J.: 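Dropping a structure here in structure tokens format, bear with me for questions.
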Amino acid sequence: MDIEDLQTFVAVADAGGVSAAARRLGVSKSIVSRRLIRIEAELGVQLLARTTRGAALTEAGVTFRDHAAQTSAEIDAARETILPTGELRGRLRVAMPLSFGPTHFAPVLAEMAQQHPQLHIHTSYSDRFVDLISEGFDCAIRVGYLQDSNLIAKRVGPIYGKLVASPAYIEAHGSPETPEQLVNHQALMQGTETWQFMDGSRVVTVQPQGRFKADNATALAAAAAAGLGIAWLPDCITHQYVASGALVPVMRRYPPPSAGAYVVRPPGQHPARKVRVLVEMLIEYFARNPDVWGLDR
């Protein structure tokens with residue numbers, strides 16, 4: 001039984017349809033369909049029930065899916081074991097934030113592709129919360145404060161941030177001196193998040209309010225520069241604005257606690273070597289570029 005057929009079946013089972021699995025695997029729908037036909041003919045049972053909404057596992061498909069996934073993982077591990085030292089191949093699917101990915105993390109992936117010409121790297125850039133398991137990603141890079149989950153996370157570097165506002169906003173509305181005063185200001189936010197600040201060793205939490213929201217840090221920086229309010233943003237997003245004077249730090253006596261950049265992956269005993277290599281390269285990248293992540297520290 002062809003290992004690619006097994007991997008394709010697992011992808012269809014997890015993605016819920018041929019089209020979604022084809023996008024995940026980076027192949028055409030016809031190739032996916034042919035692989036499914038082969039594996040069902042080999043087994044002599046129907047694994048998937050095709051529907052207008054996609055594909056649903058039959059009882060046999062539910063049983064076979066776990067065995068197929070385990071076999072695929074074991075074959076991948078065996079391939080890694082016998083490969084020449086340092087060589088990577090196969091496919092790496094990575095989810096990255098749109099706010100940081102193209103400018104700060106994409107160069108690392110490009111370097112990884114150059115070093116490993118047999119490795120296929122597929123990257124998705126989005127600031128939405130990606131479900132690694134259901135969408136079939138090997139790992140994701142997440143920035144900020146991690147929420148509790150069953151994912152396994154490895155911190156690759158610190159992320160520093162600050163409150164910023166435009167000189168025009170400060171002239172019109174003043175500058176908050178304490179976290180409690182933030183309720184009197186327009187906050188630029190991604191959603192309904194809380195903001196935290198350090199008062200010595202004590203953490204102060206506030207619930208900011210504002211009328212302008214965006215799920216992208218770059219968009220919030222532009223809104224802050226336009227004078228719409230105060231934003232909590234990472235230094236790697238705001239340092240050029242601050243350097244030019246378009247934004248100025250506010251409330252510096254109460255800095256936010258440092259956040260982090262993390263590589264997160266689905267739960268499992270051992271990460272794939274391609275994920276481990278990416279983690280190592282990102283740690284090295286952070287070490288080489290400390291000014292980008294905390295320019296004035």
Side-chain angles (χ1 to χ4, degrees), residues 96-104 125-130 141-149 153 155 157-262 290-297:
M96 289 197 180
L98 181 61
S99 298
F100 306 88
T103 52
H104 295 86
Y125 294 95
S126 173
D127 283 331
R128 70 179 179 85
F129 187 85
V130 174
I141 297 177
R142 292 187 176 159
V143 175
Y145 306 103
L146 288 187
Q147 299 177 350
D148 291 336
S149 74
R155 191 174 187 267
I159 298 290
Y160 296 105
K162 61 172 69 74
L163 287 182
V164 292
S166 70
Y169 178 88
I170 294 174
E171 182 178 354
H173 304 283
S175 176
E177 297 296 332
T178 66
E180 291 75 18
Q181 294 178 7
L182 279 172
V183 297
N184 300 318
H185 290 268
Q186 284 290 321
L188 307 175
M189 301 178 293
Q190 292 195 8
T192 58
E193 68 269 22
T194 58
W195 287 353
Q196 292 185 330
F197 304 94
M198 300 304 299
D199 182 5
S201 60
R202 184 173 67 95
V203 177
V204 179
T205 301
V206 299
Q207 185 74 54
Q209 300 295 324
R211 64 184 181 88
F212 188 93
K213 298 182 180 181
D215 63 356
N216 180 275
T218 304
L220 293 176
L228 294 181
I230 298 174
W232 183 104
L233 291 169
D235 292 350
C236 55
I237 295 293
T238 62
H239 72 271
Q240 291 184 342
Y241 286 95
V242 173
S244 68
L247 290 174
V248 296
V250 299
M251 212 177 76
R252 304 199 70 173
R253 288 178 52 201
Y254 300 89
S258 65
Y262 301 85
D291 57 329
V292 175
W293 305 101
L295 193 67
D296 58 350
R297 294 176 185 269

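Given the structure is predicted, the values throughout are model-derived calculations rather than measurements. Quick note: numbers below take in every heavy atom, side chains included, and nothing from hydrogens, waters or symmetry partners.
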J.: Quick one: pull up CG in Asp199 and OH in Tyr254 and give me the separation to the nearest 0.5 Å.
T.: 5.0 Å
J.: Would you call Gln186 and Leu228 a side-chain contact if the rule is heavy atoms closer than 4.5 Å?
T.: no
J.: Checking Arg211 now: which residues fulfil salt bridge (Lys or Arg N to Asp or Glu O under 4.0 Å) with it, not counting sequence neighbours?
T.: none
J.: State which residues pass salt bridge (Lys or Arg N to Asp or Glu O under 4.0 Å) with Asp215; sequence neighbours excluded, sorted by chain then number.
T.: none
J.: Compare all side-chain heavy atoms of Phe100 with those of Pro234 and state whether any distance is below 4.5 angstrom.
T.: yes
J.: Supply the atom-to-atom distance Thr218 OG1 to Leu233 CG, rounded to the nearest 0.5 angstrom.
T.: 9.0 Å
J.: If you take all heavy atoms of Ala219 and Ala214, which pair is closest and at what distance?
T.: CB-CB, 4.0 Å
J.: Just jot down the ring pair (Phe, Tyr, Trp, His ring centres under 6.0 Å) partners of Tyr169, sequence neighbours excluded, or say none.
T.: His173, His185
J.: Search all heavy atoms of Gly101 against all heavy atoms of Tyr125 and return the closest pair with its distance.
T.: C-CE2, 3.5 Å
J.: Which heavy atom of Ala187 sits nearest a heavy atom of Pro208, and at what distance?
T.: CB-CB, 3.5 Å
J.: Can you give me the closest heavy-atom contact between Ala225 and Ser166, atom names plus distance?
T.: O-CB, 3.8 Å
J.: Is there a side-chain contact between Leu182 and Leu163 in this structure, where contact means two heavy atoms from C-beta onward sitting under 4.5 Å apart?
T.: yes
J.: Under 3.5 Å, side chain of Asp127 to main-chain N/O of Ser99, donor-acceptor pair present?
T.: yes
J.: Would you give the length of the straight line joining atom CD1 of Ile230 to atom CG of Leu247, rounded to the nearest 0.5 angstrom?
T.: 11.0 Å
J.: Do you know the tightest heavy-atom contact between Lys162 and Asp235?
T.: NZ-OD1, 2.8 Å
J.: Do Pro176 and Asn184 touch side chain to side chain, with heavy atoms closer than 4.5 Å?
T.: no
J.: Search all heavy atoms of Gly245 against all heavy atoms of Pro167 and return the closest pair with its distance.
T.: O-CG, 3.5 Å
J.: Does Lys213 reach the main-chain N or O of Met189 with its side chain, forming a donor-acceptor pair under 3.5 Å?
T.: no
J.: Should we say atom CZ of Arg253 is surrounded by more than 12 heavy atoms from elsewhere, each under 6.0 Å from it?
T.: no
J.: In Å, rounded to the nearest 0.5 Å, how long is the span from CH2 of Trp232 to CG of Leu220?
T.: 11.5 Å
J.: Please determine whether the number of non-hydrogen atoms from other residues, nucleotides or ligands lying under 6.0 Å from atom CD of Glu171 exceeds 12.
T.: no
